[in-house]
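Residues take their numbers from the sequence shown, with the count starting at 1. We count ligands from 1, going down the list as the structure has it; atoms in each ligand are counted the same way.
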Amino acid sequence: MPTLPAPLPRLLLLLLLLSIYSPTLATEFLFNGFKEAANLSLDASALITSNGVLQLTNDSKRQIGHAFLSSPVHMLHNRSVAASFSTAFVFDIVTVNGSGGDGLAFVVATSKTLPGAQNGQFLGLLSTQNNGNISNHLFAIEFDTVKAIGPFTDIDENHVGVDVNSLESNVSKSAAYYADGGKKVSVDLLSAQPIQAWIDYNGVTSILNVTIAPLPLPRPRRPLISHAIDLSPIFKEYMYVGFSAATGKLTSYHYIMGWSFSTDGVASSLDLSQLPLPPRQKEASPASKASILKTAVLSSIVTLLFIVLVISIFMYLRKQAKLSENLEDWESYYPHRFPYKELYKATKGFQDTELLGSGGFGQVYRGTLRRTGEVVAVKKISSNSRQGVREFIAEISSLGRMRHRNLVQLQGWCKRNEDLLLVYDFMPNGSLDAFLYDHDKSQQLSWNHRFKILKDIAFGLLYLHEEWEQVVVHRDIKSNNVLLDADMNARLGDFGLARLHEHGENPHTTHDKLLEVVDPRLGGLYPEQEIKLVLRLGLLCSQSIPEARPTMSQVTRYLDGTDGLTDDVAFVFSEADSMDLASRLSITSSWSGMGSRSLH
Ligand SMILES: *[C@@H]1O[C@H](CO)[C@@H](O)[C@H](O)[C@H]1NC(C)=O
Ligand SMILES: *[C@@H]1O[C@H](CO)[C@@H](O)[C@H](O)[C@H]1NC(C)=O
Ligand SMILES: *[C@@H]1O[C@H](CO)[C@@H](O)[C@H](O)[C@H]1NC(C)=O
Ligand SMILES: *[C@@H]1O[C@H](CO)[C@@H](O)[C@H](O)[C@H]1NC(C)=O
Ligand SMILES: *[C@@H]1O[C@H](CO)[C@@H](O)[C@H](O)[C@H]1NC(C)=O
Ligand SMILES: *[C@@H]1O[C@H](CO)[C@@H](O)[C@H](O)[C@H]1NC(C)=O
Ligand SMILES: *[C@H]1O[C@@H](CO)[C@H](O)[C@@H](O)[C@@H]1NC(C)=O
């Protein structure tokens, strides 16, 4: 019987034993994106996006996201010595809502779910219950974007730390890398730019190195953290490797785009060109939509305010330009000139509400002078002829010196482009025509009043014709040029304007409407002698030949009874005139005649 050679079963046994204790226990993997990685265990808010990005948290508050390699990794050799390991990964922290929180960590732990772990500053790793307990067997490299202040303390709100069983880091450094020249360059974890991290541990020398650099920089030679630490008491034989992230009151999206790991030498380099990009604002949450809306509304308001401001400035400048004085040289030589701005303000911008009336020469506005509070009447004359304005102003400014109780006092003048503005004392009782033709008011006007008004006007004309230093011809005496002051004294207005009108057509020199010879509204209540006097005087002043008319001093003497006007006075009328005698007897035409006496 042949027998099997003895060495064969022993060899088989040896091969079997070798296969059990062989170094095939080493783990090595490379994920350039997580599209095909069915080997990750995701927990809580963690998910893989459609394009293969591992999203640990979204930007909702108080979340935890865990992602661990499904199968455990052998981390302790000979049941006592921590295995060397090397890992590299690319992460991206994207903050939508303002300041980000809380952070993410690379974790080596005994559990894939880390039960009881808290969000916020605990990063989904530990809790107040077990923080610092040596039975945790937890190792983590934290990338922390919030500065914790109790129950453990962080150095700042942008750091990398080494954690053993506790969030109180054994060592932590502000996020940075060493450039080749040795210069330390800080890295903003919340920059929303992808950052690569390298973690290397040598189980023989017990040196742990942590290095970071923003993409696409190559691995810096000098690590940010190089720390001697024996992980043998921390690790158990089999551990889970993966990531944890959490949000608190502050939030961020925490993304991992690629991950390489090895317990057998240096981890393979990630192929940066293959890494998926995290979704940008495309996946905007309702919250961020709200903030985009808020920004839009805010910027609209700011834009609107800006436009309003620009328009206001424009309007202001335009108004200033409108009100600015543009004086011709000669204007400043003449006295009694008002600035246009003052009159513009006094009349509220020549508003219709301030319009007192309009007549042949232009509109009259009520105005209140800001300086004195005095009420004035501003006559706005739109002169259609520029020539003669200077001469007119020369005359007008001298009229400003006239003072007579039966003249409406001229306070001053202002020239504005084509417009001439004359400022007069305000006459509270308005013009005589209103009294004559307004039925209610005419009742108040007794014969005595009327006779007094006649005498007042006669004295006003006497002053213009004979008492003032130069002869001023009115030429437009009519009831709407006779104004009544507060005490019902009659005052003559518009004197001196006739010259201005020589250049243009006088649109309203009317011979107003014929009155009955005696106004029936007087109801027969008048002294016959006075009526006769006035009628005769009217006829006298209307005679065709000016020389035959009485002078104003004679007229006033007749009126106040100093001279008697006899019944047998002879009138000189042309044939045409005599046909129209009735109209000459009206009071208005008698005033017109009075005004024309000194034409010769
Ligand atoms: C993932 O799981 C599959 C099937 O279980 C296995 O073939 C593959 O090696 C695993 N990959 C890693 C990296 O563990
Ligand atoms: C974030 O994830 C959590 C957990 O999956 C979910 O309840 C929440 O609605 C998500 N928030 C947003 C804004 O997507
Ligand atoms: C994000 O901001 C919005 C608007 O300020 C707020 O309503 C929402 O709660 C914030 N979300 C988080 C997770 O902080
Ligand atoms: C494990 O123990 C054996 C025997 O004691 C030793 O030869 C070997 O080097 C150890 N391995 C490690 C990784 O320490
Ligand atoms: C540490 O955790 C263990 C296991 O949960 C527990 O029995 C022990 O009391 C804890 N120690 C402290 C100091 O909390
Ligand atoms: C850690 O960094 C130091 C300094 O650059 C280096 O000498 C050492 O080899 C590194 N160790 C590992 C495990 O990468
Ligand atoms: C971190 O290292 C571990 C293992 O060496 C120690 O047990 C801890 O006390 C230490 N923690 C800190 C905060 O230094």
Side-chain angles (χ1 to χ4, degrees), residues 42-49 54-67 82-88 94-97 101 108 119 124 126 131-142 148 151-155 159 161-173 177-180 182 184 197-213 219-235 245-248 251-255 261-267 278-279 281-292:
L42 304 180
D43 176 35
S45 64
L47 54 86
I48 307 282
T49 67
L54 167 59
Q55 176 184 302
L56 292 165
T57 70
N58 56 37
D59 75 340
S60 288
K61 290 181 183 175
R62 307 211 169 280
Q63 292 182 75
I64 292 173
H66 294 144
S84 297
F85 68 90
S86 168
T87 188
V94 179
T95 302
V96 175
N97 243 17
V108 182
N119 60 40
L126 297 168
N131 191 44
N133 192 323
I134 53 159
S135 71
N136 289 335
H137 293 278
L138 180 117
F139 167 81
I141 304 296
E142 63 172 47
F152 49 89
T153 311
D154 285 332
I155 54 162
H159 61 270
V162 177
D163 299 340
V164 171
N165 292 330
S166 168
L167 269 300
E168 184 80 61
S169 301
N170 289 55
V171 59
S172 66
K173 293 274 169 67
Y177 69 90
Y178 290 97
D180 275 352
K184 197 175 185 179
W198 296 267
I199 300 163
D200 296 280
Y201 178 69
N202 187 326
V204 178
T205 60
S206 295
I207 295 292
L208 173 75
N209 287 350
V210 181
T211 312
I212 61 166
R219 176 177 180 151
R221 261 180 233 152
R222 182 176 166 191
L224 173 65
I225 293 171
S226 188
H227 183 61
I229 188 167
D230 183 9
L231 294 179
S232 304
I234 316 301
F235 288 166
T247 60
T251 68
S252 295
Y253 287 91
H254 293 94
Y255 296 110
F261 182 90
S262 174
T263 53
D264 185 21
V266 175
Q281 263 65 345
K282 271 182 281 173
E283 271 193 9
S285 64
S288 67
K289 272 182 202 152
S291 77
I292 288 169

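Nearest protein heavy-atom contact of atom 10 (C) of ligand 6 is Asn209 ND2, 2.3 Å. In terms of protein heavy-atom proximity, atom 4 (C) of ligand 6 is nearest to Pro223 CD, 4.0 Å.
For the residue pair Asn58/Gln63, the side-chain donor-acceptor check at 3.5 Å is satisfied. Between Ser252 and Thr95, the side chains place a donor N or O and an acceptor N or O closer than 3.5 Å (distance only, hydrogens not considered).
A heavy-atom distance below 4.5 Å is not found between the side chains of Ile64 and Thr57. Between Asp230 and Ser206, some side-chain heavy-atom pair lies under the 4.5 Å cut-off. Side-chain contact between Leu126 and Asn136: present, with at least one pair of heavy atoms (C-beta onward) separated by less than 4.5 Å. Contact check for Thr247 versus His254: side-chain heavy atoms found under the 4.5 Å cut-off.
Listed by first then second residue, pairs satisfying salt bridge (charged side-chain N to carboxylate O under 4.0 Å, His left out) with a partner in residues 162-172 number zero, not counting sequence neighbours.
Applying the salt bridge (charged side-chain N to carboxylate O under 4.0 Å, His left out) test to Asp154 and every residue at least two apart in sequence or in another chain returns nothing. For Phe152, the ring-ring contact (aromatic ring centres under 6.0 Å, His included) partners at least two apart in sequence or on another chain are Phe122.
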| message | Before you tell me yes or no, could you show the steps for Val162 and Ile225 under side-chain contact (heavy atoms from CB on, under 4.5 Å), namely the whole-Å CA-CA distance, both residues' side-chain angles and the distance that decides it to 0.1 Å? | response | CA-CA 9 Å; Val162 177; Ile225 293 171; 4.1 Å; yes
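Within 4.0 Å of ligand 7, protein heavy atoms belong to Val164, Glu168, Ser169, Asn170, Ile229, listed by chain and number.
Protein heavy atoms are found less than 4.0 angstrom from atom 14 (O) of ligand 6.
Near Gln63, meaning under 4.0 Å from any of its heavy atoms, are these atoms of ligand 2: 1 (C), 2 (O), 3 (C), 4 (C). Atom numbering of ligand 6 starts at 1 in the shown order; those under 4.0 Å from a heavy atom of Asp200 are 13 (C), 14 (O). Proximity to Asn58 (heavy-atom distance under 4.0 Å) selects the following atoms of ligand 2: 1 (C), 2 (O), 3 (C), 8 (C), 10 (C), 11 (N), 12 (C), 14 (O).
Among the atoms of Asp59, none of the N or O lies under 3.5 angstrom from an N or O of ligand 2.
Closest heavy-atom approach to atom 11 (N) of ligand 2 within the set Ser45, Ala46, Ser60: this belongs to Ser60.
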